[in-house]
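Following: one structure in C-alpha cells, then a few remarks.
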Amino acid sequence: MPEGHTIHRLAKDLNRSLRPGPVQASSPQGPFATEARQLDGLLLERAHAYGKHLFLDFADGPTVHIHLGLIGKMRPKEPGTGIEGAIRLRLESDDALWDLTGPMTCALIDPADVADITASLGPDPLRRGARREEFVDRLGRRSIPLSAALLDQSVIAGIGNVYRSEFCYLVGIKPSTPAKTVRVEAAEQIWDLAVDQLRLGVKLNRIVTRTPSEVGTTAGRIDEDNRLYVYKREGEPCHRCGTEIRLSEIAKRKSWHCPTCQK
DNA sequence: TCTTTATGGTGAG
DNA sequence: TCACCCTAAAGAT
C-alpha cells in the first residue's frame, strides 16, 4: 500500500529497528544476490524517504534505492522466519527481519544518482523545508486535470491514487478541473491538506481521511471500511450529501468523486 | 481453479 | 498510446 506516507513510515521503522547494524543482506529470490553480498555486514547509516522513493545509506558502501511500485511490499517479520514467496531483499539485524517483495526498483546507487532522482521530484509534503509555493507554482503550470496533476510526482511527490481522489473531495473540486484554473487559495489548501493528511498517514500507517468521529472505532481499532470519503465507493452514497459517488478514469487510473460536493 | 485487481511507473513506437 | 514489469490477495466460476 505504497503512497508517500508508507515510504516515510518505512524509513522511520527501518531506522529504529535495523540501525546501526551490522546488517545481514541476502536475496533469496536471486536477482539481487550479487548486490546483496556487497551490502552484507555493513552498518546502516540511515534510511530516508523522498516521495515514494526509499533510500538506505550504508556506511562506506552504496545506497539502496527502493521503489515499491504498485505491488511491492517491505514487511517486518519475526526473526528466524523462513523463506516464503519471492523475496528480493532480506535485511536482518540481531532482533529484526525485513523482507522486500515485488518492488518496481531495487538497485545500488551512488550519491549522484540520489541527487538525480530527488531533482526530478516536486516538493514532498512530508519533508522539512518543502515549500508550498513550489507546489502552487508547479500545479499552476499544468493544463491537465487536477486529479492527474496530483498524481504527477514532479508536481507533488508522494501522492497516489487514494489521496488524489480524497484531496479533490476534501477541497470540493471536480477532479477533471484543469489544474491551472484552480485558484491559488485552493491550491494552498490542497498543500496544507497534504501535509496534515500524510503526517496522519505516517502516524497511523494507513490512509484515513475522514475525521475520527466519522470513522468510528471498535475497542480503539480503526474501522477499516469507513476510513475514506470516495475512494472505491462508486455507487455508494456520499457521506456528506447522499449523492451516489461516481467513478471515472483520469490519467489512466480510476478516480472517484461526488458530483454534488465537487463542482 | 481460474481471473482480476492493486495505494506505480518506464520505455518503445 | 500501448505493452510491460513486479507479486499476492480477492473475487468469480
Side-chain angles (χ1 to χ4, degrees), chain A residues 1-11 27-33 35-36 49-55 64-77 81-90 98-107 109 113 116-122 124-126 144-145 147-170 175 193-194 197-210 222 224-235 245 247 249-257:
Chain A
M1 23 194 212
E3 293 195 28
H5 69 293
T6 304
I7 311 307
H8 281 262
R9 173 61 182 255
L10 254 179
S27 177
Q29 182 196 34
F32 198 64
E35 293 89 340
Y50 202 126
K52 298 171 188 170
H53 297 260
L54 176 66
F55 302 102
V64 181
H65 173 216
I66 293 170
H67 193 300
L68 295 179
L70 184 59
I71 60 177
K73 288 185 169 34
M74 187 145 191
R75 297 182 269 221
K77 301 262 184 75
T81 301
I83 305 299
E84 298 164 3
I87 301 167
R88 183 75 57 85
L89 176 64
R90 168 171 279 196
W98 289 83
D99 280 342
L100 171 68
T101 60
M104 183 177 79
T105 303
C106 177
I109 61 174
D113 299 321
D116 286 347
I117 292 163
T118 57
S120 72
L121 299 171
D124 174 349
L126 285 174
I144 58 176
S147 183
L150 292 178
L151 267 191
D152 185 335
Q153 301 300 297
S154 71
V155 171
I156 179 170
I159 304 306
N161 208 33
V162 177
Y163 279 130
R164 72 152 172 173
S165 283
E166 295 293 309
F167 290 178
C168 289
Y169 177 85
L170 285 166
L193 252 180
Q197 287 288 343
L198 270 76
R199 279 183 185 162
L200 182 65
V202 171
K203 185 177 165 193
L204 301 176
N205 209 7
R206 57 165 65 70
I207 300 175
V208 181
T209 56
R210 298 187 73 197
I222 293 165
E224 293 297 333
D225 298 327
N226 207 21
R227 298 175 292 126
L228 308 169
Y229 284 105
V230 292
Y231 177 77
K232 265 190 180 171
R233 295 194 62 242
E234 69 268 26
I245 299 301
L247 168 64
E249 190 174 287
I250 297 176
K252 294 290 164 206
R253 310 283 302 278
K254 291 177 177 178
S255 178
W256 292 262
H257 75 283

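Labels below follow one simple rule: chain letters A, B, ... track the order of the sequence lines, proteins then strands, and each chain is numbered from 1.
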>> The criterion is salt bridge (charged side-chain N to carboxylate O under 4.0 Å, His left out); which residues satisfy it with A:Lys232, sequence neighbours excluded?
In response: none
> A:Asp124 and A:His8: side-chain donor and acceptor closer than 3.5 Å?
Replying inline: yes
> Which whole-number value in Å describes the distance from A:Leu228 CG to B:dT7 P?
Replying inline: 12 Å
>> Test of understanding: with salt bridge (charged side-chain N to carboxylate O under 4.0 Å, His left out), list the residues that count as partners of A:Arg199, not counting sequence neighbours.
In response: none
> Given atom CG of A:Leu150 and atom P of B:dG8, what is their separation to the nearest angstrom?
Replying inline: 12 Å
>> With a 4.0 Å limit, can you tell me whether A:Tyr163 has a side-chain N or O closer than that to the phosphate oxygens OP1/OP2 of B:dT7?
In response: no
> Roughly how far apart, to the nearest Å, are C:dC5 and B:dT5 at atom C1'?
Replying inline: 16 Å
> Can you tell me if A:Thr101 uses its side chain to pair, donor with acceptor, with the backbone of A:Ile87 under 3.5 Å?
Replying inline: no
>> Nearest whole Å is fine: how far is B:dT5 P from A:Asn161 CG?
In response: 14 Å
> Among pairs that include at least one residue of residues 153-163 of chain A, which meet salt bridge (charged side-chain N to carboxylate O under 4.0 Å, His left out), considering only residues two or more places apart or in two chains?
Replying inline: none
>> Can you list everything that forms a ring pair (Phe, Tyr, Trp, His ring centres under 6.0 Å) with A:Phe32? Sequence neighbours excluded, please.
In response: none
>> Say we look at B:dG9 and C:dA9: how far apart would their P atoms be, to the nearest angstrom?
In response: 22 Å
Could you pull out the protein-nucleic contacts involving nucleotides 7-10 of chain C (nitrogen or oxygen on both sides, under 3.5 Å)?
from	atom 1	to	atom 2	distance (Å)
C:dT7	OP1	A:Gln29	NE2	2.1

>> Please report the distance separating the P of C:dA3 from the corresponding atom of B:dT4, rounded so that it comes out in whole Å.
In response: 15 Å
>> If the condition is side chain to side chain donor-acceptor pair (under 3.5 Å), which residues does A:Ser154 pass it with, not counting sequence neighbours?
In response: A:Asp152
> What is the distance, rounded to the nearest whole Å, between atom NZ of A:Lys252 and atom P of B:dT7?
Replying inline: 15 Å
> By ring pair (Phe, Tyr, Trp, His ring centres under 6.0 Å), which residues pair with A:His65, not counting sequence neighbours?
Replying inline: A:His53, A:Phe55
> Quick one: ring pair (Phe, Tyr, Trp, His ring centres under 6.0 Å) partners of A:His257, sequence neighbours excluded?
Replying inline: none
Polar pairs (N or O, both sides) under 3.5 Å between protein and nucleotides 9-12 of chain B?
from	atom 1	to	atom 2	distance (Å)
B:dG9	OP1	A:His67	NE2	3.4
B:dG9	OP2	A:Lys52	NZ	3.2

